Amino acid sequence: QVQLVESGGGLVQAGGSLRLSCVASGSIFSLNAMGWFRQAPGKQRELVASIESTGITNFANSVKGRFTISRDNAKNTVYLQMNSLKPEDTAVYYCKMINFRAWGQGTQVIVSS
């Protein structure tokens, strides 16, 4: 069973940056694609960015050019670097091993205008 623990959220002013981290349990991390999702109040959870086991990345149009995703397989960790944050980025951010059902508890990001 995969367990995921996100961290790094917080309150930041518009234009600022945050780096989210997600540590996954188990020995299968390096073999699987990882994704960062977010859910704003009253909205559906959406995929923000993903990274394949090969390192290939994909981003939602709303964050392209502002967010980067990376992984450290030695640490079973995936990162989301968020720059030029906007108030509309406010949400709870979750990481997920794409092909598994488990979710972490999420980390709250609040961007003030």
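One-based numbering along the sequence shown. What you see is a predicted model; the values in this text were computed from it and never measured.
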So if you build clusters from Ile, Leu, Val, Met, Phe, Trp, Tyr with side-chain heavy-atom gaps below 4.5 Å, do [X] and [Y] land together?
X: Y94; Y: I51; value: no
X: V92; Y: M97; value: no
X: F37; Y: V63; value: no
X: I110; Y: V12; value: no

Subject >> T90 side, atom OG1; L11 side, atom CG - distance, nearest 0.5 Å >> reply: 8.5 Å
**OP:** Return each pair, listed once, that meets side-chain hydrogen bond (donor to acceptor under 3.5 Å, both in side chains) where at least one residue sits in residues 3-26; pairs must be two or more places apart or across chains.
**Re:** S17-N83
Original post:
With sequence neighbours left out, which residue pairs that include part of residues 97-113 fulfil the side-chain hydrogen bond (donor to acceptor under 3.5 Å, both in side chains) condition?
Top reply: none
**OP:** In sequence, state the C-alpha distance, the side-chain angles, and the governing distance for L20 and V109, and then conclude on side-chain contact (heavy atoms from CB on, under 4.5 Å).
**Re:** CA-CA 9 Å; L20 307 183; V109 171; 4.1 Å; yes
Original post:
Run the side-chain contact (heavy atoms from CB on, under 4.5 Å) check on L31 and S53 step by step: do they pass?
Top reply: CA-CA 5 Å; L31 303 176; S53 58; 5.6 Å; no
Subject >> Pairwise ring-ring contact (aromatic ring centres under 6.0 Å, His included) hits with a residue in residues 44-83, at least two apart >> reply: none
**OP:** List the steps, then state whether side-chain contact (heavy atoms from CB on, under 4.5 Å) holds for V111 with L18.
**Re:** CA-CA 10 Å; V111 184; L18 283 174; over 6 Å; no
**OP:** For residues K75 and F29, determine if any side-chain heavy atom of one lies less than 4.5 Å from a side-chain heavy atom of the other.
**Re:** no
**OP:** Report yes if the side chains of Y93 and C22 come closer than 4.5 Å at any heavy-atom pair, otherwise no.
**Re:** no
Looking only at heavy atoms, what is the nearest atom pair of [X] and [Y], with distance?
X: A60; Y: L47; answer: CB-O, 3.6 Å
X: N32; Y: F100; answer: OD1-CE1, 3.4 Å
X: A33; Y: R71; answer: CA-NH1, 4.2 Å
X: L4; Y: A24; answer: CD2-CB, 3.6 Å

**OP:** Please go through V23's hydrophobic cluster and name the other residues, only I, L, V, M, F, W, Y counting, with side-chain heavy atoms under 4.5 Å joining them.
**Re:** none
Original post:
Can you name the residues that form a side-chain contact (heavy atoms from CB on, under 4.5 Å) with E88, not counting sequence neighbours?
Top reply: K86
Subject >> Pairs where residues 25-43 contributes a residue and the test salt bridge (charged side-chain N to carboxylate O under 4.0 Å, His left out) is met, not counting sequence neighbours >> reply: R38-E46, R38-D89
